[in-house]
Amino acid sequence: MFLSLNRKIVYSILGLLLISSLLFISAFYIAYSSKIEKDQFFSIQRNQQYIELLYRSINLTKELKQLLNEYQNINISRAEYPQIYTLSFDDKQPEFLLNQQNMIVERSQSFDEQYRTINNGILIIASSALLLAIFIMFIGYLIQRWLLIPINKISAISEKISQGELNQRIPLRNNIKYPDELDRLSSTFNSMVDNLQQTLLEVSDKEKFLQALIDSIPDGIRVIDENYQIVIANKNYYKQTGSKPKEKNLCYSSSFGLDHPCDHSNIQCPLYEILQKKKKNINIIQQFIHAPTQHLAVNAAPLIYDNKHHYIVESIRDLSQEINFSHQQKISSLGFLSSSIAHEIKNHLGAIRLIMEHLINKYYQNIPHSDEQKKIIEMIYSEIINASEVPERLLKLTRSSNNVETEINCGECINDVVNLLDFEAKSKGMDIIFSQPKRAVYIKGNESDFKIAAINIILNAIKAMNTDGKLTIKIKKTSSSYVDISFKDTGSGISPHDLPYIFNPFFSEGKQKNDGKHTGLGLAITKSIVEKSNGKISVSSTLGQGSCFTLSFPLIKNLQKK
C-alpha cells in the first residue's frame, strides 16, 4: 500500500510527541505522587500516635488525681517522686487536642494542595505539548509546501513520462527571487526530458527510415534473435506470413504455426544452422502455413552486433516472381523471335511466292490440273503460303503480351498453338489431334498467357513421347459455368513419387539427365497462369502409358448464349 512521504512525516512526529508526552507525564506523576503519598501516610500515622498518647496521658492523670484525693493517707515521699506531685490537669488540654486535630486536617489539606499542584503541572505539560504539536504542524506545513509538494509534482510528471507522455513538463514558478534546490532540480529535469524527447524523435526517424528502407525491398526481410524472436521485418514479409507488424512474433509461430521451435531433424532451421553450427549462409526453399501452395526461397546470413548480440537476417523471395520473370522472358523471346522471323523470312517467302505465282501463270496456266508436274508446283506454292503464315501466328501469339484481360476464344487460341507446334511434332513422328468445338467457348484472361500455358503443356507432351506418339486435345463443358481443356498424351508418364511435385518451381525430371535444357519452371508457370484466370489445373498419369493434364476455367456466360 502506497503511503505518501507527507503522511509518514506527520504520523511519525505525532507518534513521537504522544509517546514522549505520555512517558514524561507518567514519570513525573509516579515520582512525585508516590513521595507525597508516603509523607502523608507517615505524617497521619505520627499524628494519630501522638493524639493517642495525649489521650492516655490525660486519662492517667485524671485517674491518679482521683486516687490521691481518695487515699490521702498514702504517704508518698515528695522528694523521691516529685513528678507525681507535679502532675496537674489542665482544663485547656481538650482544646489543645482539638487544635492538634485541626492541624492534622490542615496538613491533610496541604497534601491535597500538593496533589492539585501536580495536576496543574500535568495540565501545563499538556498545554506545552499542544503548543509543541501546533509548532510541529506548522513546521510540517512548511515542509509540505517547500519540499513535499514539489517532490510530488516531480514524481507525478516522472510517472507520466515513464508511460510515454514525453510532452509533460514540471511547472516552474515565475519571478523567483530566491530559487532553491528543488527549483534547480525541476529546471534540470525539464531540460533532461527535452533532450530525451529530441533523442527519441531522432531514433524514431531513423527507425522509420530503416523500416521504409526494408519495406522498399521486394523480397520479404526479417531479423531473428537467438530466442527466435522477430526483431524487425518488412511489409512484404508480413504479406507472406499473414501476420501483423504490431504482434510480437516468433519465427516458428509466424512461419509454421507452431508453439515450439522447429524439429531440426524435419525442418532445416536457418537460425540453428547459423548460430549453432556456425554456417555462414543458408539457402533453402520453404512453404509457410499462411500459403501452403506458395514456395519461398529463404536466404539467411549471420548478423553480429557488438560481439554480444547474435542475429540472423533472412531474405525470403516468392518463387512466383521467378516464375513470372521466366514467363516474361519467354514472351519477350517469342516476341523477338517473331519479329526476327517476320523480318528475315517473310520477305524471302514473299519473293519466292511471287516467283512461284509468275511461274505458274506463265508456264502452267493452260496445263490441266491433272498434270503431275502442275500438282507438284501447286503443292510447293501452297506450302510456301502456309510457311508465310508461321511468322503471323508467332506475332499473334505475342501481340497481347500485356496484362490486359480479354475474352479468349479457347478453340481459336489452341488451334493457333497447334499450328505453330505441329511441324515439330510431325518431324518427330508424332500427331497432335485437335478438333474445334461446334460452338465457340469463351473464358476471361490474357490471351498471350493462355497460349503460353498451352505451349508448355504441348511441348512437355512432345518431350515425353517417342515416335508414333499421339497427343489428343479436347474442349468440353463440364457444366453451365465451367469448361475443361484436356491434353492427353501417350508418353512415358510420371512416377507416383514425382507427381505431387511437378508444379513446384525448379522441379524437373530432366535435371537428372544433366542436359542443361530443363529449368523446372514450365509447369509452375502454367499453374500460375491458370490460377491467375481463376482456373484450376490437375493431372493424372500412369507410368509407361501417358499423362493427362486438364485445365478448368469459368465460362463467360453472356457470350455462351449468343
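As a basis for the values below, the full set of heavy atoms in this structure was taken, side chains included, without hydrogen atoms, waters or symmetry mates. Just so you know, these numbers come straight off a predicted model, no measurement behind them.
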Requested in this report: Output, in order, the C-alpha distance, side-chain angles, deciding distance and verdict of side chain to side chain contact (heavy atoms under 4.5 Å, CB included) for Ile458 and Val417.
Outcome: CA-CA 9 Å; Ile458 294 173; Val417 173; 3.7 Å; yes
Pair [X], [Y]: side-chain N/O donor-acceptor within cut-off below 3.5 Å:
X: Asp484; Y: Thr550; result: no
X: Asp498; Y: Ser495; result: yes
X: Ser547; Y: Asp489; result: no
X: Asp225; Y: Gln229; result: no

Report task. Tell me, with the steps shown, if Lys532 and Asp449 meet side chain to side chain contact (heavy atoms under 4.5 Å, CB included). Result -> CA-CA 10 Å; Lys532 185 179 178 182; Asp449 289 346; 3.9 Å; yes
Is there side-chain contact between [X] and [Y], with heavy atoms separated by less than 4.5 Å?
X: Leu421; Y: Leu459; answer: yes
X: Pro554; Y: Ser481; answer: no
X: Thr472; Y: Phe487; answer: no
X: Ile230; Y: Leu250; answer: no
X: Ile157; Y: Arg169; answer: no
X: Ser255; Y: Gln240; answer: no
X: Leu471; Y: Phe434; answer: no
X: Ile217; Y: Asn236; answer: no

Verify, without hydrogens or angle tests, whether [X] (side chain) and [Y] (backbone) share a donor-acceptor contact under 3.5 angstrom.
X: Asp422; Y: Val418; value: no
X: Asn195; Y: Ser191; value: yes
X: Gln211; Y: Ala233; value: yes
X: Lys374; Y: Tyr364; value: yes
X: Asn234; Y: Ile214; value: yes
X: Asn361; Y: Glu357; value: yes
X: Ser204; Y: Leu201; value: no

Query raised in the report: Do Ser155 and Asn152 pass the side-chain hydrogen bond (donor to acceptor under 3.5 Å, both in side chains) test, and can you show the C-alpha distance, the side-chain angles, and the key distance before you say yes or no?
Result: CA-CA 5 Å; Ser155 177; Asn152 288 334; 5.8 Å; no
Are more than 12 heavy atoms, taken from residues, nucleotides or ligands other than [X], located less than 6.0 Å from that residue's [atom1] atom?
X: Lys235; atom1: NZ; value: no
X: His358; atom1: NE2; value: no
X: Gln373; atom1: CD; value: no

Requested in this report: Evaluate the side-chain hydrogen bond (donor to acceptor under 3.5 Å, both in side chains) criterion for residues Tyr237 and Ser254: first the C-alpha distance (whole Å), next the side-chain angles of each, then the deciding distance (0.1 Å), finally the verdict.
Outcome: CA-CA 10 Å; Tyr237 166 75; Ser254 62; 2.7 Å; yes
With rounding to the nearest 0.5 Å, note down the distance linking [atom1] in [X] to [atom2] in [Y].
X: Ile452; Y: Glu447; atom1: CD1; atom2: CD; value: 11.5 Å
X: Cys262; Y: Gln268; atom1: SG; atom2: CD; value: 11.5 Å
X: Ile529; Y: Lys451; atom1: CD1; atom2: NZ; value: 13.0 Å
X: Ile367; Y: Ile360; atom1: CD1; atom2: CD1; value: 10.5 Å
X: Leu271; Y: Lys277; atom1: CG; atom2: NZ; value: 13.0 Å
X: Leu523; Y: Ile502; atom1: CG; atom2: CD1; value: 5.5 Å

Please list, chain by chain and in numerical order, all residues satisfying side-chain contact (heavy atoms from CB on, under 4.5 Å) with [X], sequence neighbours excluded.
X: Glu226; answer: Leu275, His310
X: Lys444; answer: Glu405, Ile556
X: Gln276; answer: Tyr272

Query raised in the report: Between Asn299 and Ser315, is a side-chain hydrogen bond (donor to acceptor under 3.5 Å, both in side chains) present by the stated rule, with each step listed?
Result: CA-CA 5 Å; Asn299 299 322; Ser315 173; 4.9 Å; no
Ion pair [X]/[Y], N-O distance below 4.0 Å:
X: Glu202; Y: Lys206; result: no
X: Lys375; Y: Asp371; result: no
X: Lys470; Y: Asp431; result: no

Looking at [X] and [Y], what are the two nearest heavy atoms and their distance?
X: Gln286; Y: Phe288; value: OE1-CE2, 3.4 Å
X: Ser541; Y: Leu499; value: CB-CD1, 4.3 Å
X: Ile289; Y: Gly257; value: CG2-N, 3.9 Å
X: Ile284; Y: Pro270; value: CD1-CG, 3.9 Å
X: Ser158; Y: Ile154; value: OG-O, 2.6 Å
X: Ile161; Y: Gln168; value: CD1-O, 4.0 Å

Report task. Take Tyr482 and Phe553 through the ring-ring contact (aromatic ring centres under 6.0 Å, His included) test and state the conclusion after the steps. Result -> CA-CA 6 Å; Tyr482 272 86; Phe553 294 98; 9.1 Å; no
Query raised in the report: Would Tyr252 and Asp259 count as a side chain to side chain contact (heavy atoms under 4.5 Å, CB included) if you check the C-alpha gap in whole Å, the side-chain angles of each, and the deciding distance to 0.1 Å?
Result: CA-CA 7 Å; Tyr252 52 78; Asp259 56 359; 5.6 Å; no
Report task. Go through the steps for Val483 and Thr478 under the test side chain to side chain contact (heavy atoms under 4.5 Å, CB included), then give the verdict. Result -> CA-CA 6 Å; Val483 61; Thr478 56; over 6 Å; no
